[in-house]
Undergrad: 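Okay, here's the structure, questions in a sec.
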Amino acid sequence: MTDDHSVSADQAARLQEAIDTIAQVFDHPSSLSVRYTTADGIKRTTFELNATDESFEVTYDGGDETAEPQLSRLD
């Protein structure tokens, strides 16, 4: 069974703005993959720049109010 997950125009616009921001950070790659996971309050978002085989990860501790997201390059 498939779920019809409709997105409002406002949500689509906010999503596109976020994607544009991500693409800008990585100098507008021709192809970009995003993977998001969360475990034990730690949020991980991996960005793979397919054309250059580079990967980056943003980690964030959602349980720590003073924590800031950290961006690191994966080898």
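Sequential numbering from 1 along the given sequence is applied to the chain's residues.
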Undergrad: Identify the heavy atoms of Pro29 and Ala23 that sit nearest to each other, and give their distance.
TA: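 Minimum heavy-atom separation between Pro29 and Ala23: CD-O, 3.6 Å.
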Undergrad: Is there a side-chain contact between Leu49 and Leu32, using heavy atoms and a 4.5 Å cut-off?
TA: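 Yes - at least one pair of side-chain heavy atoms lies under 4.5 Å apart.
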Undergrad: To the nearest 0.5 Å, how far apart are OG1 in Thr45 and CZ in Arg35?
TA: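 Output value for this atom pair is 10.0 Å.
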Undergrad: Return the CD to OG distance between Gln11 and Ser6, rounded to the nearest 0.5 Å.
TA: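 One gets 8.0 Å once the value is rounded to the nearest 0.5 Å.
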Undergrad: More than 12 non-hydrogen atoms from neighbouring residues, nucleotides or ligands closer than 6.0 Å to CG on Asp40, yes or no?
TA: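 Result for CG/Asp40: open.
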Undergrad: Can you hop from Phe47 to Ile19 via hydrophobic side chains spaced under 4.5 Å?
TA: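 No, it is not one cluster - the side chains of Phe47 and Ile19 are not joined through contacts under 4.5 Å.
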Undergrad: According to a hydrophobic-cluster definition based on side-chain heavy atoms being under 4.5 Å apart (Ile, Leu, Val, Met, Phe, Trp, Tyr only), do Val58 and Val25 belong together?
TA: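 Looking at the clustering, Val25 is in the same group as Val58.
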Undergrad: Are Tyr60 and Val34 connected in the hydrophobic side-chain network, where two residues link if heavy atoms are under 4.5 Å apart?
TA: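 No, because Tyr60 and Val34 fall into different hydrophobic clusters, even though each may have its own neighbours under 4.5 Å.
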Undergrad: Measuring from atom CD of Glu57 to atom CD of Glu48, what distance do you get when rounded to the nearest 0.5 angstrom?
TA: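 If we round to the nearest 0.5 Å, Glu57:CD and Glu48:CD are 10.5 Å apart.
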Undergrad: Within this structure, what is the CZ-OH distance for the pair Arg44 and Tyr36, rounded to the nearest 0.5 Å?
TA: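 The OH atom of Tyr36 is 11.5 Å from CZ of Arg44, to the nearest 0.5 Å.
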Undergrad: If you define the side chain from C-beta out and look only at heavy atoms, does anything of Asn50 sit under 4.5 Å from Ser33?
TA: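 They are in contact (side-chain heavy atoms under 4.5 Å apart), so the answer is yes.
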Undergrad: When rounded to the nearest 0.5 angstrom, what distance separates OG1 in Thr46 from CZ in Phe56?
TA: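 Taking OG1 in Thr46 and CZ in Phe56, the distance rounds to 11.5 Å.
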Undergrad: What distance separates Glu17 CD from Ile22 CD1, expressed to the nearest 0.5 Å?
TA: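 So the gap between those two atoms works out to 11.5 Å.
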Undergrad: Determine whether the side chains of Gln24 and Asp20 contain a donor N or O and an acceptor N or O closer than 3.5 Å.
TA: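 No donor-acceptor contact under 3.5 Å links the two side chains.
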